[in-house]
Protein chains: 2
Amino acid sequence: MSTLSDHIEAYIKRMLRSSQDNSIELSRAQMADDFSCVPSQINYVLSTRFTLERGYIVESRRGGGGYIRIGHVQVGDDHTHAVRLLQSIGSELSEKQMENVLAYLKDHHVISPKQLQLIRGIVQQEVGSISQGKDVLRASVIRALLFFIIESKS
Amino acid sequence: MSTLSDHIEAYIKRMLRSSQDNSIELSRAQMADDFSCVPSQINYVLSTRFTLERGYIVESRRGGGGYIRIGHVQVGDDHTHAVRLLQSIGSELSEKQMENVLAYLKDHHVISPKQLQLIRGIVQQEVGSISQGKDVLRASVIRALLFFIIESKS
DNA sequence: AGGCATAAGGTCAGTATTAGTCAGAAAGCG
DNA sequence: CGCTTTCTGACTAATACTGACCTTATGCCT
C-alpha cells in the first residue's frame, strides 16, 4: 500500500465498512481536495478498483448537488455467491479477469490475503511454463483451486 | 567462489529471515543500484532461485509505486517428501498416475479421504470437458491443488 | 419559457514511473 | 573446446498521475 491510489482505495473501503448499508456518497472535488490531487484521480481509482466485476456499484450525477455513490454488493450467503461467481468463469480467463475475481473474493472474505498470494504464485507457475492457451489453463486452475477452497469450508 | 547472483540471493534470504512474516517487499531498480547491475539481473536471480518449488512466492507490480514482493513458505519436514513427489510430476499425468499419487498422499495422511474425493471430482470436472491434452491439464490441476494443500499446512 | 451563470462530474490522451522479456554476449567449468 | 550459468541492454508492458477540454444539472434573472 504505497501509492496515492492505494490510499484512496483504502479510505473508500474503510468508509464502506463503517457505513450502515454498504453504500456511501461522496463529492469528487472534496475527495480530490482531501488527497491533494486532481479530481480525475478519483475517477482513476474508481475505474481500476471499484468495478462491477469486483462487486462494487458506482453511480454519479453531475451538476449542482452532484455526487458519487459507491455501493458494495453484499450477498447474504457468501458461499452460494462465490460458487455462482466461479460458474460464471468461462473457458478462458485473462490475467486481469483473474485479478478481479481474486479481489472480489478477498473483499468478501472468501479467501485470505495469504491464500491470494499463494494462488497467484501457483497460477503463475503453471501458466507461465506454457506458450499457448494460457487463458484456458488459467481458467481451469483458478476454478479448481477456488472450488476446492469453497467446498472445504462447507 | 560466489557470483553476483549468489550475493543477491543471500541478501534477499537474509532480509526474509529478519522479516516479521517471512515476506519482504523491494524495488527492483533500487536493488540493481545497490548491487551495481542491470535491473534484469534481479529477475534472473528470482527466476532461478526463488521458485515456488523451493517455497518462495514472488509477486510484483509495474508502474508507479511498483514493487517486488517475496514470500517464503516453510514446509514442514513431514511434507518435504510430498513436495518432492509433486516435483516429479512432469508435464503430463495419466489417470492411473494420478490415482497413484493421490493414494500415496492419502496413505501418508497428507490429504484426507474427503479431500481425495473432492480432488477427484474437481479434476474430472475440469479435464472431462476437453477433448485434447487431458493429461497435460490433469498434471497442472493436480499440481496446483496438491501444492495448495501442502503449502496451506505451513 | 429562454438564456446564462455556476456547479458539479466525465473523458482522454499524454507523461512519468516502474517492472518484464528475450536474445545474445561473457564467464565459468568440465 | 563445448556446455551451462551468469550477465547485459534494448525493447516492451503495465500502472499511476495530470490537465485540458467536454457534458450535465440547477437555479436565477429577465
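By convention in this document, chain letters (A, B, ...) are assigned in the order of the sequence lines, proteins followed by strands, and residues within each chain are numbered from 1. Keep in mind that the numbers below use all heavy atoms, side chains included, and drop hydrogens, waters and symmetry copies.
- Partners of E53(A) under the salt bridge (Lys or Arg N to Asp or Glu O under 4.0 Å) rule, at least two apart in sequence or in another chain, do not exist in this structure.
- Taking 4.0 angstrom as the limit, K96(A) places a side-chain polar atom (N or O) nearer than this to OP1 or OP2 of dT15(D).
- Per the geometry, CG belonging to D33(B) stands 15 Å off C1' belonging to dA19(C), to the nearest Å.
- Checked against salt bridge (Lys or Arg N to Asp or Glu O under 4.0 Å), K13(A) has the following partners two or more places apart in sequence or in another chain: E9(A), D107(A).
- In this entry the distance linking CD of E9(B) with C1' of dC7(D) reads 16 Å, nearest Å.
- Applying the salt bridge (Lys or Arg N to Asp or Glu O under 4.0 Å) test to E59(B) and every residue at least two apart in sequence or in another chain returns R120(A), R69(B).
- Not counting sequence neighbours, the partners of Q97(B) by the side chain to side chain donor-acceptor pair (under 3.5 Å) test are S94(B).
- Residues passing the side chain to side chain donor-acceptor pair (under 3.5 Å) test with D33(A): none are found, sequence neighbours excluded.
- The salt bridge (Lys or Arg N to Asp or Glu O under 4.0 Å) check on R143(A) picks up E126(B), with sequence neighbours excluded.
- F35(B) meets the ring-ring contact (aromatic ring centres under 6.0 Å, His included) test with Y11(B); sequence neighbours excluded.
- F35(A) has its CZ atom 15 Å from the P atom of dA16(D), to the nearest Å.
- Note on L4(B): only backbone sugar-phosphate atoms sit closer than 4.0 angstrom, heavy atoms only; bases stay farther off.
- The closest side-chain donor-acceptor pair between T3(B) and D6(B) falls under 3.5 angstrom.
- Residue R49(B) places its side chain closer to dT6(D) than to any other of dT6(D), dT18(D), dG9(D).
- A sub-4.0 Å separation between OP1 or OP2 of dC17(D) and a side-chain N or O of Y44(A) is absent.
- Listed pair Q41(A) / dA16(D) fails the phosphate criterion, with no side-chain N or O lying under 4.0 Å from OP1 or OP2.
- Summary of helix geometry: the two end axes of the helix from dA1(C)-dT30(D) to dG30(C)-dC1(D), each defined by five base pairs via their C1' atoms, are inclined to each other by 10° (rounded to 10°).
- Note on L102(A) and F50(A): separate hydrophobic clusters, where clusters join Ile, Leu, Val, Met, Phe, Trp and Tyr whose side-chain heavy atoms are under 4.5 Å apart, directly or indirectly.
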At under 4.0 Å between heavy atoms, which parts of nucleotides 3-17 of chain C does protein reach? Answer with one letter per nucleotide, 5' to 3': B base, S sugar-phosphate only, - none. ----BBBBB-----B

